[in-house]
Student: 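Just passing along the structure, written as structure tokens.
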2 protein chains.
Amino acid sequence: MAVKLTDVAQKAGVSVTTVSRVINNHGYLSDKTKHKVFTAMKELNYQPNSLARSLQGKKMKLIGLIFPEITNPFFAELIQDIENILFEKGYKIILCNAQRDKEKERAYLKMLLANQVDGIIAGAHNLGIEEYQELGLPIVSFDRKLSENVPIVSCDNYQGIKLAVHDLIQSGCHKIFFLGNKQLKGNPTDQRLKAYLNEAENLNFTPHICSVAFSDSTLLKNITIHEMLQNDHPDGVVCTDDLTAILVLQEARKLGLKVPEDLKVIGFDGTKQIQTYHSELSTIAQPINDIAILLVKLLLQRISDPNKELNKKHYILPVKLIKSLTTA
Amino acid sequence: MAVKLTDVAQKAGVSVTTVSRVINNHGYLSDKTKHKVFTAMKELNYQPNSLARSLQGKKMKLIGLIFPEITNPFFAELIQDIENILFEKGYKIILCNAQRDKEKERAYLKMLLANQVDGIIAGAHNLGIEEYQELGLPIVSFDRKLSENVPIVSCDNYQGIKLAVHDLIQSGCHKIFFLGNKQLKGNPTDQRLKAYLNEAENLNFTPHICSVAFSDSTLLKNITIHEMLQNDHPDGVVCTDDLTAILVLQEARKLGLKVPEDLKVIGFDGTKQIQTYHSELSTIAQPINDIAILLVKLLLQRISDPNKELNKKHYILPVKLIKSLTTA
DNA sequence: TTGTACGCGTTATCAT
DNA sequence: ATGATAACGCGTACAA
């Protein structure tokens with residue numbers, strides 16, 4: 001059995017109350033007693049039990065993170081940033097890989113509840129609003145609308161795609177395709193398609209939408225992309241994420257299309273990973289670190305004061321165009 | 001306050017014991033009672049408190065994962081696989097990003113202890129053996145030697161580099177460089193350099209080692225690679241990870257070197273990510289999923305039977321050559 | 001078949 | 001300045 005308060009108390013020749021006081025720096029204690037207790041703790045390598053502690057109503061300093069996957073560099077970088085910030089503040093994270101699995105997400109929600117997490121940062125949403133609402137836990141959401149009283153953080157999806165379209169137009173494109181999810185679900189990311197359609201109207205070009213779902217397999221995406229390139233001959237493609245943009249580049253190469261001469265491509269996300277290992281790709285960069293900072297800040301606010309009204313429901317962070325070879 | 005056992009008991013008109021029995025399916029209960037309890041649970045949306053449960057001696061069903069980073073696709077995929085397998089078995093994970101930070105790793109170790117995790121899968125090791133040993137917790141290690149009684153899982157690092165060298169030789173290389181960590185620390189990954197040196201002797205070529213540390217910045221790596229390519233004119237490079245291999249390809253392109261005509265490159269890891277988005281790269285693939293399966297299996301064994309002697313200390317899993325364009 | 005009472009490790013309240 | 005004890009929510013021996 002692990003070392004506990006009683007052991008330390010016995011070793012130091014004081015009561016458990018005193019030891020608890022020393023640890024939590026409560027009330028008045030003589031330096032002599034403090035010293036005795038500290039040395040006893042060191043000697044026994046004592047580590048307080050968080051569980052027993054939070055049984056008393058203390059915070060677990062534990063945050064649940066729900067994301068669809070961590071192998072996608074965007075999520076990996078976002079999660080890593082969130083983890084770093086939370087660690088600084090003394091919080092640990094339970095990582096939940098919801099994939100596209102309603103049941104898994106539901107199971108994880110239960111687990112987080114059972115583990116008395118202090119709050120949840122949600123980035124995957126296979127589930128409906130209600131299930132999140134009835135948790136009765138502080139939640140913040142990334143890029144998805146969950147409920148009226150859950151604050152949303154997202155980048156400026158509209159402005160992002162607008163920048164992308166303008167970049168392609170300025171680079172001389174005439175037949176610009178939108179490659180991404182077609183279904184609108186009331187989420188901030190819907191703004192991407194909306195921006196594309198609006199700009200098509202403003203800039204007077206015919207919109208073409210090639211639909212690939214985030215959840216499609218790479219193989220399926222490749223086939224869709226191949227057909228688009230071969231049959232429709234776009235000279236510009238706006239992709240709603242960088243990975244899909246890379247697939248377009250690969251398929252283009254296979255078809256003997258020269259980038260950027262025959263075809264220009266622009267992505268979305270702007271992760272360090274892709275910028276380092278595919279530096280040729282033009283993209284719209286999301287401010288990943290700022291998103292992480294804001295998500296954490298809002299969550300900790302809600303944890304410390306759950307009933308305070310939200311100033312804002314939806315926080316939109318600015319994006320940045322990173323121009324590179326694929327739209328040169 | 002959250003719903004607790006007493007609330008359910010009251011609602012169902014039975015004692016807490018009965019409710020507890022229903023939940024854990026213990027002893028004999030009348031169907032009528034069961035039914036009453038179940039409906040009460042549903043109505044109150046009751047969720048047992050893991051903390052109180054494990055205070056009382058039950059397992060937390062929580063595993064700590066310590067890795068240096070999650071943005072590296074190799075770790076991301078390994079962690080994702082581990083997470084999936086553990087989830088199936090009813091375990092949750094606390095993710096610890098140790099980076100290259102001794103203090104952070106130490107702090108995390110304490111936290112894991114405080115949170116009563118059932119065990120640890122360790123893949124980052126800035127710390128010495130002792131600190132892991134005195135935890136008194138079931139541990140398994142990936143690719144690093146921690147302690148005599150901590151089982152290690154790793155791929156066949158020796159065979160991997162041997163395959164890589166042979167592939168380059170067969171592709172006609174004469175001046176083959178080893179690009180990776182030069183320092184030997186008694187870990188399984190040391191076998192990579194050893195294999196290179198041995199094969200140089202066996203196959204009768206002069207070994208050239210270009211040293212880059214895993215922790216070097218991309219910029220620094222690029223400079224080192226650039227100098228190697230420009231000054232030493234290798235015609236083949238064995239890299240100890242895929243990401244570094246991609247950097248070599250990029251620097252080669254900048255220098256106008258044609259791959260594979262002027263220069264052949266082979267990587268190590270073989271993640272799905274790199275294979276999908278850099279399918280041109282030849283590499284040595286680690287069996288990531290098998291590693292995950294084995295790590296979990298060994299850990300759960302040690303959790304259920306901590307004192308059982310290890311059959312083996314070091315489990316070595318086979319690697320596979322994936323031949324592609326960069327060594328064509 | 002069901003209920004009472006105690007213990008898990010910690011903190012808070014009340015005493016001394 | 002320090003100690004005794006109840007309470008947190010749950011599981012379980014023991015009792016009924």
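Just the heavy atoms: all of them, side chains too, but no hydrogens, waters or symmetry mates, feed the values below.
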Student: Which one, D:dG3, D:dG11, C:dG3, comes nearest to the side chain of A:Arg21?
Tutor: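 From the listed options, D:dG3 comes nearest.
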
Student: Kindly assign one of parallel, tilted or perpendicular to the pair B:Phe142 and B:Phe75, based on the angle between their ring planes and the thresholds 30° and 60°.
Tutor: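 B:Phe142 vs B:Phe75 ring planes: perpendicular.
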
Student: Rounded to the nearest Å, what distance is computed from the NZ atom of residue B:Lys36 to the C1' atom of nucleotide C:dT1?
Tutor: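 The distance from NZ of B:Lys36 to C1' of C:dT1 comes to 11 Å, rounded to the nearest Å.
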
Student: For the side chain of A:Val14, starting at C-beta, report the closest nucleotide among D:dC10, D:dG3, D:dT12.
Tutor: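 Nucleotide nearest to A:Val14's side chain: D:dG3.
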
Student: I want to check a possible cation-pi pair here: B:Lys4 against B:Tyr46, using under 6.0 Å from ring centre and within 45° of the ring axis as the test.
Tutor: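 Geometry flag: not set, cation outside 6.0 Å or 45°.
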
Student: Taking the six-membered ring of B:Phe87 (Phe, Tyr or Trp), confirm whether the NZ or CZ of A:Lys104 is under 6.0 Å from its centre and within 45° of its axis.
Tutor: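 Judged by the rule (NZ or CZ under 6.0 Å from the ring centre, within 45° of its axis), A:Lys104 counts as positioned above B:Phe87.
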
Student: Can the ring centres of A:Tyr108 and B:Tyr91 be said to be less than 6.0 Å apart?
Tutor: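 Judged by ring-centre distance (under 6.0 Å), A:Tyr108 and B:Tyr91 do not meet the cut-off.
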
Student: A:Leu55 has an atom CG; how far is it from atom P of D:dC10, in whole Å?
Tutor: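 So the two atoms are 9 Å apart, to the nearest Å.
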
Student: Roughly how many Å is it from CG in A:Leu51 to P in C:dT11, rounded to a whole number?
Tutor: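 Those two atoms, CG and P, are 12 Å apart.
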
Student: So, is A:Thr18 close to the D:dG3 phosphate, meaning a side-chain N or O under 4.0 Å from OP1 or OP2?
Tutor: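 It does, given that an N or O in the side chain of A:Thr18 lies less than 4.0 Å from OP1 or OP2 of D:dG3.
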
Student: Looking at every strand, decide which applies to A:Thr33 at a 4.0 Å heavy-atom threshold: base, sugar-phosphate, or nothing.
Tutor: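 Touches sugar-phosphate only.
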
Student: B:Leu5 CG to D:dC8 P: how many Å, rounded?
Tutor: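 Rounded to the whole Å, the gap is 13 Å.
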
Student: From NZ of B:Lys4 over to P of D:dA7, roughly how many Å is that when rounded to an integer?
Tutor: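 Distance, rounded to whole Å: 11 Å.
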
Student: Given C:dA12, is OP1 or OP2 found less than 4.0 Å from the side-chain N or O atoms of A:Thr17?
Tutor: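 Negative; the distance criterion is not met.
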
Student: Atom CG of A:Asn25 and atom C1' of D:dA1: how far apart are they, to the nearest Å?
Tutor: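 Going from A:Asn25 (CG) to D:dA1 (C1'), I get 14 Å.
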
